[in-house]
Amino acid sequence: MEESKSKLFKQRLFRIHIAAGMTFSIIMYIAIFFGVFAILLPYIKTWEKPSRHIEKVDITKIDYNEMINKALATPNYPKNNLLIKLPGNMGDPAVIISHRFAKPLVFNPLTKEMIKNETKEQSNLADFLNELHYGQPLKLIGRLSFGFVAVGTMVLIITGLILITIMKFKNQGKTQQAVFSKIHVQVFTWAFLPFFLITLSGAVMNVGLISSGPMSKILSKGEANAIDAVVGTVLFPQAKPIKKANIDEKMLPINQLLKKAKEINPQLDLKEVKLINWKDKTAQVEIVGYNPYKPFLNGGIFNKPSLTFSAVTAELIKEKKVLDNVWPVFLSEGIFFLHFLFGIDIFSRIAVAIIMSLCAIAIGFGTMLYLEKKAKKYDGKITFYHWLGKFSLASMIGVIPATATLFVLQWTMPFDLQDRVLWQKGIFYNIWLFTLFWSFYRINSYKAAKEFLYVGGILFILSSIVHFINSGFHPTTLIFNNMDNILGVDIGLILFGALLIYIAKKLPLERQEAKQFWKMKGKK
């Protein structure tokens, strides 16, 4: 009796896992696919804009005061509480002077000249890829859908772990289905923890932040429309404004204060500088940084270590350390850090991108396992032609050439073209939609998949070549000018394109060939 109940429980759990998997897999795959690009967003943002093709400079050797004077001389620009983003902040090599009530001013740190910043209508590639990651193109519906899919995916992870534990998969089969199952199970066995944590943080941000508005209104009896108004004053008390003395004083060089900040706390990577009462006797300079030795606890949105100096005497007025906060702030910071990866180096980002790519591949093999079981019923009878298989093909493989087209268009279309980004997005959507048509047109899905991979690989390689030609920055120029971030994107695009072409070449062309192909892989 007990054995019968156990068997029934396993069967039901397995069916729940399959049903949930096929319900959420495609959207989750898309979220991960664009999420991999979002992980590398700071570098793509630099690569996509002509104004950011700037040589790297030591932040302590830049004359910021001259650029501040130019910003203050700009008509109608605010004079107090200016924020300076230092070169290297989120991979941006420019100096950006901004204010919450004005448009940012961008400067070349070498020449100290103001440069034209591309608008969102001219260049928006990285941000668009990030928006696709969390469903923003469909506005509220998209964000909610992607958020609930993240919640559903966590259920999948939990049920999958239970199944792995109680069913004890041996992963020794040599059939095509057994190989698909083996890849699906093994990847998630090893990568479930980072995948679960990142998915959890995504669910909190999509579903949690959307629902925070109505909840805030309920808690405050209609007085607050956002969560900031409810908990902001408690968790993040605002500093009292410093009264001006109205006595003009000469300001110390900002780079001198940056050097002093590094002497006091050498662990900090300096990111931003806030100017308070600039040119007044009471002027202060707040230098904000990130401590890489305490990840998850600082550097993102809520907890930013800082040092505040007098802009007249260089006296240290206040030092805020990473641990000078309350646990709710650390919890919030940790959740956002898991998803945005604030402050971490390129190697760590690539490691996370590889893990998430493997998870996307595992989702793909899980979908193929389901479809292969369906196709098995038609062996030797009729050609298997399932609408879900075609839709999955366009969504999971067809998205590759569509995305590659975005990169090609970024440096092919003139930057002064009217509605440039709108054209770019429109072409992307149309190509992705065409892959759905092509998936249904091609009876042989293996052939369609090979075609999508070949085209995607060629376009990704082409996008790098087009960038070299149209930007005027060839590989040797990028190397000599210390623009390794930009060159790294080009190398990444070429390697990714070559990998896609290699996979397309290796994949079988017919379903019967595929059976033998995966059997051979299973024997290794």
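Atoms considered below: every heavy atom in the structure, side chains included; atoms not considered: hydrogens, waters and symmetry mates. Nothing fancy with the numbering, it's 1 onward along the sequence.
- Residue pairs meeting the salt bridge (Lys or Arg N to Asp or Glu O under 4.0 Å) criterion with at least one partner in residues 486-507, sequence neighbours excluded, are absent.
- Y429 OH: more than 12 foreign heavy atoms inside a 6.0 Å radius.
- Between P93 and I54, the shortest heavy-atom contact is CB-O, 3.9 Å.
- For the 3.5 Å distance criterion, the side chains of S445 and K390 qualify, holding a donor opposite an acceptor.
- Atom CD1 of I141 has 12 or fewer neighbouring heavy atoms from other residues, nucleotides or ligands inside a 6.0 Å radius.
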ask   = Taking it one step at a time, do L125 and L409 satisfy side chain to side chain contact (heavy atoms under 4.5 Å, CB included)?
value = CA-CA 10 Å; L125 174 62; L409 292 174; over 6 Å; no
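- Listed by chain and number, the residues in a ring pair (Phe, Tyr, Trp, His ring centres under 6.0 Å) with F434 are F437, W438 (sequence neighbours excluded).
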task = Step by step, work out the side chain to side chain contact (heavy atoms under 4.5 Å, CB included) result for I335 and L200.
result = CA-CA 8 Å; I335 290 171; L200 173 64; over 6 Å; no
inquiry  = Walk me through whether V187 and F365 qualify under side chain to side chain contact (heavy atoms under 4.5 Å, CB included).
reply    = CA-CA 10 Å; V187 170; F365 275 103; over 6 Å; no
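- Residues L161 and F192 come closest through the heavy atom pair CD1-CD1, 3.6 Å.
- When only modelled atom types and interatomic distance are considered, E48 and S123 share a side-chain donor-acceptor pair under 3.5 Å.
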task = Run the numbers on V352 and I198 for side chain to side chain contact (heavy atoms under 4.5 Å, CB included), then give the verdict.
result = CA-CA 10 Å; V352 175; I198 291 171; 4.1 Å; yes
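- Taking the six-membered ring for Trp, F128 and F428 have ring centres closer than 6.0 Å.
- Ring geometry, F460 versus F407: the interplanar angle falls from 30° to 60°, so the pair is classed tilted.
- Taking both residues in full, the closest heavy atoms of P87 and I59 are given as O-CG2, 3.5 Å, listed atom of the first, atom of the second, then distance.
- Remark: the backbone N or O of K294 is paired with a side-chain donor or acceptor of N298 at under 3.5 angstrom.
- Below 30°, between 30° and 60°, or above 60°: for W411 and H53 the angle between ring planes is above 60°, a perpendicular geometry.
- Although no hydrogens or angles enter the test, the distance criterion places a donor-acceptor pair under 3.5 Å between the side chain of T46 and the main chain of G91.
- For the pair S25 and T367, the tightest heavy-atom approach, listed with the atom from each and the gap, is OG-OG1, 3.6 Å.
- With K271 contributing its side chain and L86 its backbone, the two residues share no donor-acceptor pair below 3.5 Å.
- Side-chain N/O atoms of N303 and E333 include no donor and acceptor closer than 3.5 Å.
- The shortest distance between side-chain heavy atoms of W387 and F440 falls below 4.5 Å.
- Side chain of E272 to main chain of G289: no donor-acceptor pair is present (N/O by atom type, distance under 3.5 Å, no hydrogens or angles).
- At distances below 3.5 Å, at least one donor-acceptor pair connects side-chain atoms of T23 with backbone N or O atoms of A19.
- Heavy atoms only, all atoms of each residue included: Y29 and I363 are closest at CB-CG2, 4.2 Å.
- The local environment of NZ in K321 is sparse, with at most 12 non-hydrogen atoms from other residues, nucleotides or ligands closer than 6.0 Å.
- Here the shortest heavy-atom pairing between L500 and G456 reads CD1-C, 4.0 Å.
- Looking at D92 and K45, no side-chain N of the basic residue comes within less than 4.0 Å of a carboxylate O on the acidic one, giving no salt bridge.
- Between the side chain of W432 and the backbone N or O of A394, at least one donor-acceptor pair lies under 3.5 Å.
- For D345 (side chain) and S348 (main-chain N/O), a donor-acceptor pair under 3.5 Å exists by modelled atom type.
- Aromatic pair F146/Y134: centroids not less than 6.0 angstrom apart.
- A centroid separation of 6.0 Å or more is found between the aromatic rings of W47 and Y43.
- Look at E451 and R442 and you find a salt bridge, because one of the NZ, NE, NH1 or NH2 atoms lies within 4.0 Å of a carboxylate O, short of that distance.
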Could you pull out all donor-acceptor pairs under 3.5 Å where a side-chain atom in residues 33-40 meets a protein atom, sequence neighbours excluded?
none

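- In summary, the aromatic rings of H184 and F180 are positioned with their centroids too far apart to meet the 6.0 Å limit.
- Without hydrogens or angle criteria, S357 side chain to A353 main chain gives a donor-acceptor distance under 3.5 Å.
- In this structure, the side chain of K450 engages the main chain of A504 through a donor-acceptor pair within 3.5 Å.
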